[in-house]
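Protein chains get the first letters and strands the later ones, always in sequence-line order, with residue 1 at the start of each.
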Number of protein chains: 2
Amino acid sequence: MVVYPDVDARLSDDEVDRIFRALADATRRDIVQRTLIEDASISDLAERYDMSFAAVQKHITVLEGAGLVTKHRSGRMRHIRANAQALRKAQGLLQTYERIWQHRLAQLDALLAEE
Amino acid sequence: MVVYPDVDARLSDDEVDRIFRALADATRRDIVQRTLIEDASISDLAERYDMSFAAVQKHITVLEGAGLVTKHRSGRMRHIRANAQALRKAQGLLQTYERIWQHRLAQLDALLAEE
DNA sequence: CTAATATGCAACTTAATGGTTGTATATCCG
DNA sequence: CGGATATACAACCATTAAGTTGCATATTAG
């Protein structure tokens with residue numbers, strides 16, 4: 001298993017808020033998924049969704065604010081690319097919760113074994 | 001590694017929206033964490049946060065709507081308990097993203113190896 | 001140069017969120 | 001029974017979110 005050090009180190013509440021908030025929208029999740037596979041321009045993305053160009057731009061701004069994507073200039077275009085690191089931060093938090101849960105189960109088991 | 005079958009099977013956009021939305025608030029994440037460790041009544045939880053009882057009630061309603069916690073009646077009290085299954089759904093999605101990312105990296109490696 | 005393309009951004013509307021207070025109801029204790 | 005406790009829920013308010021249109025700017029193509 002590959003270990004990513006410090007995946008959830010010094011994560012502020014605001015930062016986590018922004019990451020989960022950004023992921024709480026199907027269009028934005030789709031943008032993340034597509035740009036994980038391959039970079040895309042804003043126009044590329046805007047074509048795919050049933051909303052205005054400006055609306056897609058706003059979604060990208062939200063994702064960028066959460067660190068989930070980055071923009072790279074290339075002439076008059078901006079290439080959007082997902083940032084796996086930010087995704088790992090969210091995953092790291094959920095794994096922490098999972099561990100807490102497993103710990104609770106282990107304690108319950110221990111309690112039952114005592115009796 | 002323990003495998004949870006169907007962790008992200010038939011997850012509707014709305015369901016995922018609600019899970020991530022619910023996690024996008026520090027108070028709600030704290031409620032999840034506390035009730036993963038141990039059940040708590042609404043009053044127990046309300047004591048801990050600097051907001052009204054009703055506000056905490058609302059946060060719990062949001063978590064319940066996302067399936068992240070369940071309520072269990074006990075006399076005049078309601079015990080709140082986190083539901084690890086819903087957390088795993090979110091984790092499953094993020095793992096899917098991670099796999100997409102790894103696949104992209106593998107393809108880039110392959111491309112470089114060819115040259 | 002000019003037209004077309006790609007993006008940025010402001011102003012506006014509508015709906016959802018997160019908080020409040022107030023009131024009602026149910027349960028427990030003495 | 002009657003008071004205290006635990007919860008539910010409605011109404012309201014302020015802020016943010018998500019969409020729109022319209023206009024400005026930068027770059028590329030011919």
Side-chain angles (χ1 to χ4, degrees), chain A residues 12-35 38-82 90, chain B residues 12-35 38-82 90:
Chain A
S12 75
D13 280 349
D14 277 359
E15 194 177 353
V16 180
D17 284 4
R18 280 195 298 270
I19 293 174
F20 281 127
R21 187 76 196 71
L23 290 170
D25 178 280
T27 301
R28 289 196 291 257
R29 285 192 300 276
D30 195 72
I31 292 174
V32 168
Q33 195 166 348
R34 289 189 183 284
T35 59
E38 183 175 35
D39 291 11
S41 72
I42 304 182
S43 311
D44 288 345
L45 294 168
E47 273 178 12
R48 300 185 177 275
Y49 311 110
D50 186 26
M51 64 185 71
S52 69
F53 180 87
V56 174
Q57 256 182 323
K58 280 195 182 181
H59 282 307
I60 291 169
T61 300
V62 171
L63 289 167
E64 207 183 4
L68 284 164
V69 305
T70 52
K71 282 188 197 173
H72 305 272
R73 181 167 202 144
S74 164
R76 65 180 151 180
M77 304 218 287
R78 299 297 174 96
H79 291 305
I80 309 301
R81 176 180 312 162
Chain B
S12 75
D13 280 349
D14 277 0
E15 194 177 353
V16 180
D17 285 4
R18 280 193 299 271
I19 292 174
F20 282 125
R21 188 78 194 69
L23 290 171
D25 179 280
T27 301
R28 289 197 291 259
R29 284 193 301 277
D30 195 72
I31 292 173
V32 167
Q33 196 167 346
R34 289 188 183 284
T35 59
E38 182 174 39
D39 292 10
S41 73
I42 303 180
S43 310
D44 288 344
L45 294 168
E47 272 178 14
R48 299 187 177 273
Y49 310 111
D50 185 27
M51 64 185 74
S52 70
F53 181 88
V56 175
Q57 259 184 321
K58 280 194 180 182
H59 282 308
I60 291 169
T61 301
V62 171
L63 289 168
E64 206 183 5
L68 284 164
V69 306
T70 52
K71 282 189 197 174
H72 306 273
R73 181 169 200 141
S74 166
R76 67 182 149 174
M77 303 217 289
R78 299 298 173 95
H79 291 304
I80 308 302
R81 176 181 313 163

Closer than 3.5 angstrom, by distance alone: can the side chain of B:Arg28 be matched with the main-chain N or O of B:Leu23 as a donor-acceptor pair? no
Round to a whole Å and report the spacing from CD1 of B:Ile60 to C1' of D:dT7. 10 Å
Working to the nearest 0.5 Å, report the span between CG of B:Asp30 and NE2 of B:His59. 11.0 Å
d(CD, B:Gln57; C1', C:dT21) in whole Å: 13 Å
Answer yes or no: is there a donor N or O on one side and an acceptor on the other, between the side chain of B:Ser74 and the main chain of B:Met77, under 3.5 Å? no
Does a sphere of radius 6.0 Å around CD in A:Glu38 hold more than 12 heavy atoms from other residues, nucleotides or ligands, not counting ones at 6.0 Å or beyond? no
In the structure I gave you, are the side-chain heavy atoms of B:Asp17 and A:Arg29 within less than 4.5 Å of one another anywhere? yes
A:Ile31 CD1 to A:Leu68 CG distance, which is reported to the nearest 0.5 Å: 11.0 Å
Any residue of residues 38-54 of chain B with a heavy atom less than 4.0 Å from an atom of DNA chain D: B:Ser41, B:Ile42, B:Ser43, B:Phe53, B:Ala54
Check each residue of residues 62-77 of chain A for a non-hydrogen atom within less than 4.0 Å of any atom in DNA chain C, then write out the ones that pass by number, or none. A:Lys71, A:Arg76, A:Met77
Would you say A:Arg18's side chain and A:Gly65's backbone share a donor-acceptor pair under 3.5 angstrom? yes
Can you sort out which residues in residues 16-28 of chain B have a heavy atom within less than 4.0 Å of DNA chain C? Ascending by number, please. B:Arg21, B:Arg28
Supply the atom-to-atom distance A:Glu47 CD to A:Ser41 OG, rounded to the nearest 0.5 angstrom. 7.5 Å
Rounded at 0.5 Å granularity, tell me how far CD in B:Gln57 sits from CD1 in B:Ile80. 9.5 Å
Closest non-hydrogen contact found for B:Phe53 with B:Ala46 is CD1-CB, 3.7 Å
Any side-chain N or O of A:His59 below 4.0 angstrom from OP1/OP2 of D:dG19? yes
